[in-house]
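Input: a single structure, listed below in structure tokens.
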Amino acid sequence: MSGIIAGYLPLFDLYLIHVGLAFSQYIVLRAGVFSLATAAFAGIGAYTAGIFAVNLGLHPAIGLLAGTLTGMGAAIFLSIPLARLRGVYQAIATVAFIQICLSLNVYSESLTGGAMGLNNIPKTVGTGTLFVFAALATYMIWAIERGRLGRAFNAIRQDEAVAASLGISITRHQMLAFAISGALAGLFGGLEAYHAYALDPNQFGFHLLITILSYVILGGRNTVLGPLVGCAILIILPELARPLAENRMVIYGVMLIVVINYVPKGIVDTALDAIRARRLKMREETVS
Amino acid sequence: STTSTYAFVGEPLVNGMKLAADEISAADNWGGHNVEIIYQDNRSDKQEAIALITRMAQSENADIVVGPIATSEAMATGPVAVDLKIPMFTTATSPAVLEAGPYIFKSTETADAYMAPVGEHIVSLKPSNCFLVSIRDNEGYIRQRNVIRDILTGAGVEIVGDESILAADTDFTALSTKIVSNEPDCLFVTAPPEQAANIIIQARQAGLDGDTILAGDSGAGSQKLIDAGGSAVDGILFPASFVASASDSSKAFSEAYEAEFGKAPDLWAATGYTMMNTVANAIRNAGDDVNRESLREAMAATKDLPVVMGQGMLSFDENRIPSMGGIVMKLEDGKWVKP
Amino acid sequence: MLEVRDLKVSYSGIQALRGVSMNVSSGETVALIGPNGAGKSSLLNTISGIVRPESGSVMFEAGDITGARAWVVTKAGVLQVPEGRKVFGEMTVLENLQVGETALHGRAPTYRLQDVFDVFPILQERREQRAGSLSGGQQQMLVIARALMGGPRLLLLDEPSLGLAPVIISQVFDALAELKAQGLTILLVEQNAHLALTASDRAYVIEQGRIMKSGASMDLAKDPEVTALYLGQE
Amino acid sequence: MSTLKLTNLSKRFGGVVASEDVNIEVPAGKVIGLIGPNGAGKTTIVNMITGLLPVTSGTIHVGNADITHAPAHEICRAGLARTFQNIRLLGEATVLENVMIGFHRHETSSTFAALLGLPEAGRETATLKERAFSLLGEFDLQAFADYPASGLSYGHQRKVEMARAMASEPDFVLLDEPIAGMNDVESNALAEIFMGLASSGKGVLLIEHNVRFVAKLCSYIYVLDGGKLISEGTSDHVLNDPEVISAYLGDAHHA
Amino acid sequence: MLAQQLLNGLVVSGVYALFSLGFTLVFGIQRILNLAHGAIFMTGAMVAFYTVKGGGPLWLGFILAILASGALSVLVEIVCFRRLRKTGDEEFGGIISSIGAGLVITTIAQQVSSTQVLRFPFETFPVVIFKFWGLRVSMLQLFMAGAAIILVLILGYYVYRTAFGRRIRAVTDNEHAAMLMGINPNFVYSQTYFLAGALAGAAGVLVGLAFNSITFLMGEPYLMFAFAIIILGGLGSIPGALLASLVFGMVQTLTIAYLPSGLTDTIIFASLFLILLVRPHGILGKEDAGNLRGRR
Ligand SMILES: Nc1ncnc2c1ncn2[C@@H]1O[C@H](COP(=O)(O)OP(=O)(O)OP(=O)(O)O)[C@@H](O)[C@H]1O
Ligand SMILES: Nc1ncnc2c1ncn2[C@@H]1O[C@H](COP(=O)(O)OP(=O)(O)OP(=O)(O)O)[C@@H](O)[C@H]1O
Ligand SMILES: [Mg+2]
Ligand SMILES: [Mg+2]
């Protein structure tokens with residue numbers, strides 16, 4: 001029994017790491033930036049942390065801090081040009097950014113290990129550490145959501161002109177969202193590095209981008225619960241489908257289509273909407 | 001990995017293993033043990049490979065893991081396997097994977113061993129220069145390129161081009177023009193067979209000289225290269241680890257494989273077949289109590305095991321590096337011959 | 001010509017129409033007045049097929065158009081000018097008008113390009129301008145003109161005076177009067193009750209999804225309740 | 001008290017001259033009217049004042065502060081609020097949340113507190129909720145507080161937009177056709193609110209096509225045509241100006 | 001060598017243009033990045049391949065490929081996007097939904113092709129090489145360039161000069177208003193997607209013929225580039241996409257020719273990034289009327 005749990009522990013670890021990355025994606029979307037750069041920031045954080053440990057032999061805490069800071073730095077740097085762009089243009093620019101990071105990574109073999117990846121990273125992060133960081137990230141997102149920043153992000157996402165006319169600085173808030181996103185991605189990338197023994201450049205490419213985006217879309221992009229739930233479903237579901245091996249990708253694809261079409265706001269947001277509508281209806285009935 | 005990037009290896013590999021397993025079971029040749037084989041797909045993904053190995057070791061109580069395929073995957077899973085004390089038998093080419101610890105075994109000879117004869121053969125043909133093309137997002141190909149490059153430069157052959165491509169590339173018109181404009185005496189391509197064929201076809205269409213020396217890697221010894229390249233790839237030199245017509249046992253294997261899966265076996269099918277046989281041999285030799293430790297020892301002790309690859313015998317040396325013996329082959333009129 | 005019977009509409013549970021019955025005869029101009037949120041637009045949208053009713057029926061001439069898709073409804077010549085100036089912003093004024101012809105579905109046009117330009121000369125002046133960069137009022141003129149291009153037999157107008165300068169309003173209503181004179185049937189939703197009652201033959205007063213009053217416009221204009229609620233003190 | 005002052009304000013879109021040498025003053029405590037035919041350039045002027053369109057030439061001052069080239073959010077902080085001619089509510093948010101966001105400029109909790117979820121931030125959210133709710137009361141909208149804003153009828157959406165603009169407690173309010181789509185009774189209720197704003201010392205710039213409404217409310221009226229001011233003065237003066245009648249009112253109205 | 005490389009670049013550009021025009025069309029009409037477009041392109045190549053393999057002539061394969069890709073594209077629209085339109089969340093939803101469709105189509109293709117790299121039998125398209133001024137052009141290259149030009153001209157005429165094109169653009173602009181003008185948006189969408197899919201299918205066959213490798217993943221690199229091409233060319237702008245295809249084909253060919261090949265991607269995407277900085281709306285994209293617009 002404990003064997004079975006232990007066997008699925010890597011899956012739980014994966015969940016904790018991906019929750020962090022999902023929040024990184026969530027926060028920029030929430031602030032109205034269609035950035036997909038989380039995968040790149042995670043790669044930057046992971047490789048920084050990895051290199052700190054492997055090449056410099058530094059303490060993991062320092063590596064994690066460095067990963068967080070470089071992730072954040074890269075995000076702030078990227079936010080400057082991105083502020084000039086809108087919507088899908090931002091999406092494509094960030095995808096280009098990911099491509100650039102990827103090919104530079106493969107190219108600078110002496111530092112990053114190139115196509116071979118960065119190996120022999122000491123494993124210093126376990127489930128406990130991951131859990132603590134994932135919990136902290138969840139709390140921070142929840143706090144943001146309830147306060148001033150959450151309201152400002154909401155306004156910017158829905159209508160920039162309105163937000164600006166109400167005194168909300170769009171550049172400042174979007175840069176802030178970016179910094180948070182980059183820091184979260186860098187941190188969880190670093191955790192990944194110290195948890196996985198090895199890094200591979202392609203790990204932080206298009207596939208990760210899609211995976212993370214799917215978490216947020218599936219779960220919902222307006223409440224903190226969304227990424228938590230979306231991530232859980234998308235990590236558990238392929239496991240359940242494993243016996244169907246060959247058809248796993250078909251099932252995954254069909255699920256994406258069905259969910260986005262029938263539960264477009266994501267599972268959590270839709271559920272919350274339904275609850276709210278019911279409350280309104282009940283109130284209306286008691287009035288009339 | 002039966003899906004995604006390394007599917008081209010994974011699929012025939014698993015087929016080869018299944019064929020071997022069926023044959024062994026039919027002959028009741030597991031040394032009296034009841035062997036259960038679980039196939040899992042890591043989708044050419046490192047993290048997935050780690051998760052799977054952990055799960056196999058901890059909840060499925062496996063005694064040996066066959067796989068993963070790529071060096072990059074094996075580099076990642078190696079330390080995990082060593083931590084869990086479970087033998088891991090991978091197809092990774094780089095000897096670096098063995099450094100993780102005594103539980104790691106690899107099925108392929110190192111590039112230095114099997115590519116060297118090809119390099120030396122090229123040198124013996126006395127080209128004055130050579131153009132190299134390799135895949136840059138896979139360590140194995142880079143290593144093969146390095147071996148050839150070092151041998152050629154060592155022998156004073158000028159390298160007029162050293163280009164890299166991605167495993168997903170298909171359009172080589174620009175590359176071809178570049179190759180042709182360098183007028184090389186020799187063109188070495190290390191890439192999966194279809195891609196290698198493609199590069200050569202496109203280079204020919206761009207005007208590559210008919211008597212340019214062509215050379216490739218072990219993949220060039222597969223039927224796929226002939227199917228894909230037709231007459232364009234005629235004359236290519238390659239290292240052979242598996243030639244269907246090499247011996248009676250390899251002929252028998254080829255026929256059985258073709259009967260089962262409807263196509264001729266390639267290098268990887270033969271590798272899978274060989275790996276399963278090696279594991280079965282180790283199980284037979286592990287004694288009554290088959291466990292991870294006894295299996296590891298039995299694996300390491302493998303000597304002169306008859307196989308369908310190379311010169312027909314597989315042994316591990318004290319560093320667990322396998323040797324089967326490779327030879328240079330040449331493709332002539334759609335047939336593999338000794339040059 | 002148009003016969004609406006016991007129409008009920010709700011949006012995810014919120015009732016907008018609670019059983020509306022009304023009719024419009026051929027050649028008539030009928031006005032619909034009522035406060036914000038009364039359901040005027042909902043009624044128009046249900047007739048034109050944008051919104052599907054919960055129950056009830058909509059008959060146009062002999063045909064049942066209850067719940068028919070909007071583009072099917074236009075085939076019969078029922079054309080709606082929607083609330084809020086929905087021009088095709090990325091297209092030129094001329095292209096907007098040309099798109100309007102789609103609604104003809106092979107029927108003979110009643111208004112040609114030049115006729116429309118005669119009513120709204122500013123559109124001719126701006127025929128190559130991107131419709132999205134027109135001023136609000138110009139856009140309102142464009143959507144009315146666009147509907148005319150579709151050869152309407154019954155024209156549904158949702159607040160055509162919204163955001164228009166007085167001089168343009170009188171132009172629009174002059175044009176409407178002329179259309180009426182030519183025999184076009186019009187169902188008009190209008191907040192400006194004074195204007196609505198002057199321009200129409202009959203009117204319905206709608207409140208909270210129900211018809212509260214109906215009658216000849218002249219009579220309603222004198223009705224003390226209506227004057228108090230909709231015509232202000234003046 | 002300060003004054004919102006536009007001096008020689010001009011705006012060109014390529015060849016179209018949307019506004020040319022416009023001079024307008026909105027003193028505190030007054031309701032000033034801005035009328036003119038469709039396309040005269042009224043909305044363009046509001047967009048320039050609030051920083052949504054760059055100014056081609058001329059200046060905009062609030063008191064002594066030059067806000068001609070200030071970014072939109074700083075203009076709000078200088079005390080200007082507006083409504084939009086084509087209603088722009090935050091469609092995904094509830095009515096209450098739409099109003100709450102209006103308070104943004106007066107929010108005091110630090111970014112740090114917001115990031116860490118300190119009690120300070122929570123208290124602020126709670127107060128804002130209360131204030132937004134009571135503001136909705138002034139517009140008779142409390143019953144709709146929890147409805148999604150996009151589901152409201154046109155007229156109600158207009159009022160929510162006004163409540164949102166009021167929430168920023170501006171010194172000057174720019175209203176772009178606030179009573180479009182309302183009947184006389186409803187607009188009279190709003191007239192009360194506008195008068196109240198003026199008497200509490202705010203300056204109001206009112207754009208409206210309902211001339212009776214403008215005449216009743218405004219102490220001073222500017223008339224724009226083709227981007228230029230063609231007339232200004234009290235309502236009696238302006239509405240009898242022959243140029244205004246021919247460009248804007250039409251003969252019918254004059255009678 | 002430069003002249004030969006420019007010629008190579010031109011042919012590559014033609015393929016990019018065919019691929020990205022359909023993509024642009026869909027993007028223009030719905031603001032949807034149809035990430036299944038690569039899979040539809042691949043389907044075209046596969047259908048032609050299996051037709052030829054089954055003994056059919058190439059022209060039949062070509063026609064079947066165009067029809068099948070068009071039909072598949074329509075199917076994707078109906079299954080993946082039709083509902084999304086109603087919720088008004090195509091920008092995000094469309095990306096996710098089409099990723100799903102792409103996964104399904106490629107996995108099926110993978111199973112049909114047993115993960116093999118397929119190729120047309122030799123001489124399916126006669127290998128004839130013309131030489132002039134020291135340049136080499138194959139008949140296939142000429143055919144590709146010709147097909148690209150003709151299809152592009154037809155498309156341009158269709159969208160900008162016909163009533164149907166106006167209807168597409170009206171639906172793009174405001175679906176509700178378009179319905180009230182008697183336009184059946186579903187029909188318009190289906191036609192547009194058919195066109196887009198058919199173009200992609202044609203591109204798929206050409207690429208399959210030219211580069212000799214048909215795999216279930218063959219659409220991915222093209223998708224990446226098309227992604228960049230339409231952005232560079234400006235939102236849904238057909239001339240923009242053409243120009244951007246040309247730029248991309250050339251840049252790609254020339255970087256391979258003259259720079260260390262490991263850096264090709266970096267250079268292409270970095271230059272894309274720079275261009276976006278200088279012209280945030282792409283090379284031919286229009287500036288928005290106001291600098292601040294409402295969006296989700
Ligand atoms: N899309 C929608 N979703 C939810 N509720 C809606 C929707 N459209 C209208 N409603 C509701 O239906 C009721 C009637 O709205 P409708 O727009 O028909 O009123 P109206 O008479 O046209 O008002 P106005 O004069 O303000 O335009 C209102 O209570 C409104 O909130
Ligand atoms: N982005 C733009 N590009 C080109 N012309 C524009 C643009 N925005 C506005 N215009 C033009 O500028 C003029 C003034 O427009 P504006 O919207 O300010 O008018 P308005 O006075 O508000 O009219 P209305 O009362 O109808 O709302 C119009 O002729 C309009 O077509
Ligand atoms: Mg209405
Ligand atoms: Mg205006």
Side-chain angles (χ1 to χ4, degrees), chain C residues 41 44-45 47-52 68-92 94-107 129-134 139 142-152 155-158, chain E residues 24-25 27-31 82-83 85-88 157-192 234-240 281-282 284-295:
Chain C
S41 302
L44 249 51
N45 287 341
I47 296 172
S48 69
I50 293 279
V51 170
R52 296 201 166 197
R69 302 272 182 185
W71 60 88
V72 180
V73 173
T74 63
K75 284 187 187 168
V78 178
L79 282 181
Q80 184 186 10
V81 175
E83 193 175 35
R85 315 185 183 99
K86 294 194 173 104
V87 296
F88 301 124
E90 293 299 320
M91 299 164 74
T92 65
L94 185 63
E95 283 174 330
N96 266 273
L97 294 175
Q98 286 168 333
V99 166
E101 289 173 342
T102 312
L104 289 172
H105 295 287
R107 285 180 293 122
Q129 186 173 338
R130 212 170 55 86
S133 70
L134 292 175
Q139 293 184 4
L142 179 57
V143 283
I144 296 175
R146 191 176 64 192
L148 292 182
M149 296 293 290
L155 190 63
L156 310 174
L157 286 163
D158 201 347
Chain E
T24 307
L25 205 59
F27 186 56
I29 186 170
Q30 277 188 312
R31 296 294 180 266
R82 193 155 278 190
R83 271 189 68 89
R85 252 162 49 211
K86 302 208 173 80
T87 64
Y157 177 79
Y158 204 40
V159 172
Y160 287 106
R161 290 281 176 270
T162 63
F164 172 71
R166 275 197 298 274
R167 267 172 237 157
I168 293 187
R169 286 185 291 141
V171 170
T172 307
D173 231 311
N174 190 324
E175 194 180 316
H176 259 175
M179 278 159 70
L180 292 174
M181 288 300 108
I183 298 171
N184 176 351
N186 291 342
F187 189 55
V188 170
Y189 283 119
S190 295
Q191 277 178 292
T192 315
L235 278 173
S237 151
I238 289 178
H281 300 274
L284 294 190
K286 281 191 240 79
E287 287 279 338
D288 292 334
N291 55 347
L292 292 164
R293 288 182 56 186
R295 69 199 165 85

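Just so we're on the same page: letters track the sequence lines, and every chain starts at 1. Side chains are part of it too, since the values below use all heavy atoms of this structure and drop only hydrogens, waters and symmetry mates.
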When rounded to the nearest 0.5 angstrom, what is the spacing between CE in E:M179 and OG1 in C:T102? 14.0 Å
If you define the side chain from C-beta out and look only at heavy atoms, does anything of C:R69 sit under 4.5 Å from E:N184? no
Nearest heavy-atom contact between C:T74 and E:G182 is OG1-CA, 3.0 Å
So which of C:K86, C:M91, C:Q80, C:H105 has the biggest tally of heavy-atom pairs under 4.5 Å with chain E? C:M91
Structural part of E:A163 lying under 4.5 Å from a heavy atom of chain C: neither
In this structure, CG of E:D173 is separated from CD of C:E90 (nearest 0.5 Å) by 5.5 Å
Drop me the distance from C:F88's CZ to E:N174's CG, to the nearest 0.5 angstrom. 6.5 Å
Spatial distance of atom CD (C:Q98) from atom CZ (E:R167) [nearest 0.5 Å]: 11.0 Å
For chain E, which candidate among C:G49, C:P82, C:A103, C:A147 shows the most heavy-atom pairs at distances under 4.5 Å? C:A103
Partners passing ring-ring contact (aromatic ring centres under 6.0 Å, His included) against E:F164 (at least two apart in sequence or in another chain): E:Y158
Heavy-atom closest pair, residues C:V99 and E:I183: CG1-CD1, 3.7 Å
Residues two or more places apart in sequence or in another chain: which of them pass salt bridge (charged side-chain N to carboxylate O under 4.0 Å, His left out) with E:R166? none
